[in-house]
Amino acid sequence: MTIRLFNTLTGRIEELSPADGKQFRMYACGPTVYDYGHIGNFRTFLQVDVLRRFLKLEGMTPLHVMNVTDVDDKIIRNAAAAGVPIGEYTPRFEKAFFEDLDVLAVETPEKVARATEHIPSMVALIEKLAAEDCAYRTEDGSWYFRIASFPEYGKLSKKDFSGITDGARVDVDEYDKDSARDFALWKAPKPGEYHWQTELGPGRPGWHIECSAMATEYLGDDFDLHAGGEDLMFPHHENEIAQSESASHKTFARHWFHVRFLLVEGRKMSKSEGNFYTLRDLLLKGYKASAIRMLLISVPYRQQLNFTFDGLAAETGAVERLRTFQQRVREAKTAATENATLAEETARSRKNFCEALANDLNTAEARAAIFDLVRAGNAAMDAGTMGAGNARGILEVLGDFDKIFAVLEDHDAEWTKFALQWAEREGRLSEASAEVVAQNSLTDEQIQALVDERTAAKKSRNFARADAIRNELAEKGIVLEDSKDGVRWKRK
Ligand code: AMP
Ligand code: ZN
């Protein structure tokens, strides 16, 4: 199937395919590891995950590179405040970031590249730019990119910079959104600041050069797609293009994929507004990892997602419904004859699912196609008209759905427990909700022992004890399901 995706660079929806006919080479800007990741960050990483998963479902092989920014102004500032070198400050946040990706079932890119491990490639690129007369050194020993040397500057963000002042410079990473200025490629160290000794002189990289250097190192001068949140379009991606294309004289990335920022409860997410959430904040409040993933991916990447707690509760229900349906189909007593209408509905749902994703990654329509199947399948099971072939077909479609959405396998309780253990280690247990703490106050073994005791009590007709155990577990948010194969329990 032809995959079509909006390209920020051309402003059009275009077909995606690997230029070399083999691997789909893509680069996604990664995290700056100075703090825990927030839901806005993960919205972007999840949409990139949906893209790479869909490419795979359609038979492509991604070569996906992601950088980890482990040196920048904020990191230097925070590390200095904590009184440790940056190399001691960043690892815990990098580790936390990859743990969070696991929680959210985000696949690890084929290559993860740390900025601090690629200083020589950055230096080589800056030297090349200097040789091309696109970079210059200032008196303090810093190096800047001369944007007047790149007439196409602004082609990605569609900003008109025809009136720019040649030589006006900006050296901070926190930039002004509307002005174009020569930007720092290499920053001379301020007194006492962390730096590298290089052919360019002492210093550290500017913000943008790492992505140009690492993308080129692993993907070549030109590659298929570059991704990031919409905030990166200008100046970060614009500057990446200027640096890379000035050095290589080739088109850097053919396709640019930008994910729209989210709102939280209708407003911009910010610490001062009190509506800023890390992934761990949500887990400690008792929200399930699968529901968070489902919510963050279900609104297509170019639309503005309004993240609300009502929405999150609704997604918890949606995931539950899908899991229950899958379980029901697996266990269903099938009819002797196949149901032709249901087979048709199953095929249609699979087709609509793929077509929606192929149409600019429309995740909302893709999931709607699956819920159509849930309705049709449940109706057939209610009527006892689902054949064994029907069941197989439905489970296959659910399998494909889950190759993208990845919410059907239930690891939620594990991740909640993981967050609690982390909070305990960090002395942040007070941030967890009382319900979550209660739910996890018993180990799996303790719960199983109580469940066994209840079964024995029931057998010996001690119903008072059996009920007492059920109530005690219910108070801790542990629900029991009696079935013919015994008692199943789970944390709510
Ligand atoms: P950072 O760690 O700040 O470098 O950001 C990592 C990724 O998250 C980048 O692709 C950003 O564009 C993206 N990002 C940051 N804030 C948000 C937000 N509120 N909504 C969506 N994406 C975001
Ligand atoms: Zn980048």
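Computed from a prediction, not measured in an experiment: that's the story for all the values here. When a ligand or atom number is given, it counts from 1 through the structure's own listing order.
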Between R293 and A105, is there a donor-acceptor pair closer than 3.5 Å when you use the side chain of the first and the backbone of the second?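 Yes, because the side chain of R293 sits within donor-acceptor range (under 3.5 Å) of the backbone of A105.
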Determine whether a donor-acceptor pair (N or O, by modelled atom type, separation under 3.5 Å) exists between the side chain of E424 and the backbone of L429.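 Answer holds: no.
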Output the set of protein residues with a heavy-atom contact under 4.0 Å to ligand 1, ordered first by chain identifier and then by residue number.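 Heavy-atom contacts below 4.0 Å: G30, P31, T32, H38, G40, N41, T44, F45, G228, G229, D231, L232, F261, L262.
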Hey, does the Lys NZ or Arg CZ of R367 hover above the aromatic six-ring of F405, less than 6.0 Å from the centre and inside 45° of the axis?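 Not flagged: R367 not positioned over aromatic ring of F405.
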Go through the structure and list residues passing side chain to side chain contact (heavy atoms under 4.5 Å, CB included) with R491, not counting sequence neighbours.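 By the side chain to side chain contact (heavy atoms under 4.5 Å, CB included) rule, R491 matches A413, K417, Q439, N440, D444, I447, I478, W489.
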Residues forming a side chain to side chain contact (heavy atoms under 4.5 Å, CB included) with Y194, sequence neighbours excluded: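 Partners of Y194 by the side chain to side chain contact (heavy atoms under 4.5 Å, CB included) criterion, ordered by chain and then number, come out as I86, W196.
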Could you list all the side-chain hydrogen bond (donor to acceptor under 3.5 Å, both in side chains) pairs where at least one residue sits in residues 20-30, not counting sequence neighbours?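 For residues 20-30: Y27-N67.
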Compute the angle centred on the Zn ion (ligand 2) spanning NE2 of H236 and SG of C211, and express it rounded to 10 degrees.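 The two atoms subtend 110° at the Zn ion (ligand 2).
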